[in-house]
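Input: a single structure, listed below in structure tokens.
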Amino acid sequence: DSPESVRWAQIPYSVVDQPAHRALATQVARESIVLLKNDGGMLPLSKKSGTIAVIGPNADDWRMLLGNYNGSPADPVTPLRGIREAVAEGTRLLHARGAELADSVSETLEQEAVRAAQQADVVALFLGLTADMEGEEMNVQIDGFRGGDRTRLDLPASQEHLLERIVALGKPTVLVLLNGSALAVNWAQSHVPAIVEAWYPGQAAGTAIADVLFGDYNPGGRLPVTFYRSADDLPPFDDYRMEGRTYRFFKGTPLYPFGFGLSYSTFGYRNLRTNAETLRAGDTLTVRVDVTNTGTRAGDEVVQLYVRHVGSKVERPTRELRGYKRIQLKPGERRTVELPLAASSLAYWNPGTHRWVVEEDSVQIQVGASSADIRVNTTIKVRP
């Protein structure tokens, strides 16, 4: 439609870009960031870290912050800028690109990055993908990608080479990933002490990332997809069956499971109960669990409710997410979390009768911090 006939096109940029909306962009970016690894409590970093080397092709290019179908922000904050604005006066920053996103290894770029890392007390390495590489029907013909599709799940070879070369220097290193789809960062998981998944976090990316790296924000994001170890773990793409796909049917061990995410705090679960032992078709029961912040920092926990069909007469997924709630808890604070479970959410589609069926079944209710971190469970009866 022409802009004249679309009322949204009449909103002036002064409204779109108002301070409240910028604040919302920052909030959304913070809440989406997922902490994947933090060995030895390397994070959060000190803002007085001496010299920080900010390295990588995604460190200082604002286009890397955005996915497809996006507007152009008036004041995008890259990771380098976010870190520069966050550190204490006197902290020295060094920046090097280190590699192109997907071209062959550049010795010149790598040497610049190595020199920067050698002078640093801490290295923040920004790697990943761009929407131009993994976008819909993109004209891309490089190793690991074909026309916007992924043929491998690894980082592009130039970035993987840079990663391994920088880590070999022995400096404390945090890897920050910016990407839209899952990455198989197996080597990094084994060799890098801290890994952060930042996705395409939008115009306030650098501010949000710096808030997480330096502890001004305690990360609470969770993975909405499974991170596999290899594309070889998955069936061929032209096999349309769900068998072997997603956390619901995958029988292997993923790199990072669906729903996974760490925090600078820890959380305990206890006293799972339901308001009824039997759930009948058309009804909804309430699941309650007590969650306690057992750490020393305030933080968010995402309480996740899964179900497993124990007595079903048809093939069912290994586990299915049926509810979640993100809560904020102070150190030592305990809260009872309530999650509704409707009988209709336990139905399956009968292709013979063309209707949804709530069958007589025993269903295990599982509550925990991810699909692979179930803390408490109980079993109910389901009656049609």
Side-chain angles (χ1 to χ4, degrees), residues 25-26 28-37 43 45 52-70 72-73 76-86 95-103 109 113 123-135 138 140 142 144-145 148 150 152-163 166 173-185 187-189 192 194-214 217 219 221-225 227 255-256 260-261:
T26 304
V28 170
R30 286 183 184 132
E31 292 185 4
S32 70
I33 293 174
V34 183
L35 179 61
L36 296 177
K37 184 180 179 183
L43 295 176
L45 303 173
I52 302 175
V54 182
I55 294 172
N58 279 350
D60 195 35
D61 191 331
W62 69 268
R63 292 170 298 179
M64 312 311 186
L65 312 180
L66 308 174
N68 288 323
Y69 303 102
N70 60 275
S72 297
V77 183
T78 67
L80 177 62
R81 175 181 160 188
I83 291 174
R84 180 181 293 122
E85 293 175 351
H95 170 240
R97 186 173 178 85
E100 298 299 341
L101 279 161
D103 291 340
L109 291 177
V123 177
L125 194 55
F126 290 86
L127 306 178
L129 308 176
T130 74
D132 290 336
M133 297 166 65
E134 57 178 346
M138 307 304 293
V140 177
I142 56 178
F145 302 83
R150 303 281 298 281
R152 293 189 297 105
L153 300 181
D154 315 80
L155 283 168
S158 57
Q159 295 188 53
E160 185 70 28
H161 194 272
L162 172 66
L163 167 68
I166 294 300
T173 300
V174 54
L175 170 62
V176 181
L177 300 170
L178 290 99
N179 48 284
S181 56
L183 285 167
V185 287
W187 190 91
Q189 173 61 23
V192 180
I195 305 175
V196 173
E197 174 57 74
W199 313 106
Y200 297 134
Q203 66 187 51
T207 301
I209 290 170
D211 286 344
V212 168
L213 293 182
F214 296 109
Y217 184 82
R222 300 294 184 266
L223 292 183
V225 294
F227 276 42
L255 180 62
Y256 306 115
F260 177 76

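- None of V192, V123, L127 except one satisfies the side-chain contact (heavy atoms from CB on, under 4.5 Å) rule with I166; the exception is V123.
- The two residues A113 and G98 come nearest to each other via the heavy atoms CB-CA, 3.7 Å.
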In a table with atom names and distances, give each donor-acceptor pair under 3.5 Å that connects a side chain of residues 197-206 to protein atoms at least two apart or in another chain.
unit_1	atom_1	unit_2	atom_2	d
E197	OE1	N179	ND2	3.2
E197	OE2	W199	N	2.8
W199	NE1	S32	O	3.1
Y200	OH	T130	N	3.3
Y200	OH	T130	O	3.2
Y200	OH	A131	N	3.3
Y200	OH	E134	OE2	2.5

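- For the residue pair D60 and T78, a side-chain donor N or O sits within less than 3.5 Å of a side-chain acceptor on the partner.
- Without hydrogens or angle criteria, E85 side chain to T207 main chain gives no donor-acceptor distance under 3.5 Å.
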| task | Show your working on side chain to side chain contact (heavy atoms under 4.5 Å, CB included) between D154 and E160 and close with a plain yes or no. | result | CA-CA 8 Å; D154 315 80; E160 185 70 28; 5.5 Å; no
| Step-by-step side chain to side chain contact (heavy atoms under 4.5 Å, CB included) determination, I195 to L177 | CA-CA 8 Å; I195 305 175; L177 300 170; 4.2 Å; yes
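- Smallest separation of non-hydrogen atoms from V77 and G82: CG1-N, 3.8 Å.
- Donor-acceptor pairing under 3.5 Å is recorded for the side chains of Q189 and Y256.
- P73 and L66 get closest at one heavy-atom pair: CD-CD1, 3.8 Å.
- Looking at every heavy atom in both residues, L175 comes nearest to A188 through CD2-CB, 3.7 Å.
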| request: Go through the steps for S158 and L101 under the test side chain to side chain contact (heavy atoms under 4.5 Å, CB included), then give the verdict. | output: CA-CA 7 Å; S158 57; L101 279 161; over 6 Å; no
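- Across all their heavy atoms, R81 and P76 have their closest contact at NH1-O, 3.3 Å.
- Annotation for P156 and A102: closest pair CB-CA, 4.0 Å, computed over non-hydrogen atoms.
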| said: Walk me through whether I209 and V196 qualify under side chain to side chain contact (heavy atoms under 4.5 Å, CB included). | reply: CA-CA 9 Å; I209 290 170; V196 173; 5.9 Å; no
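- Side-chain contact between I83 and L213 is present, with at least one heavy-atom pair separated by less than 4.5 Å.
- Contact check for K37 versus L43: no side-chain heavy atoms found under the 4.5 Å cut-off.
- In this structure, R63 places its CZ atom where only 12 or fewer heavy-atom neighbours from other residues, nucleotides or ligands lie under 6.0 Å away.
- In this structure, the side chains of I55 and H95 stay at 4.5 Å or more apart for every pair of heavy atoms.
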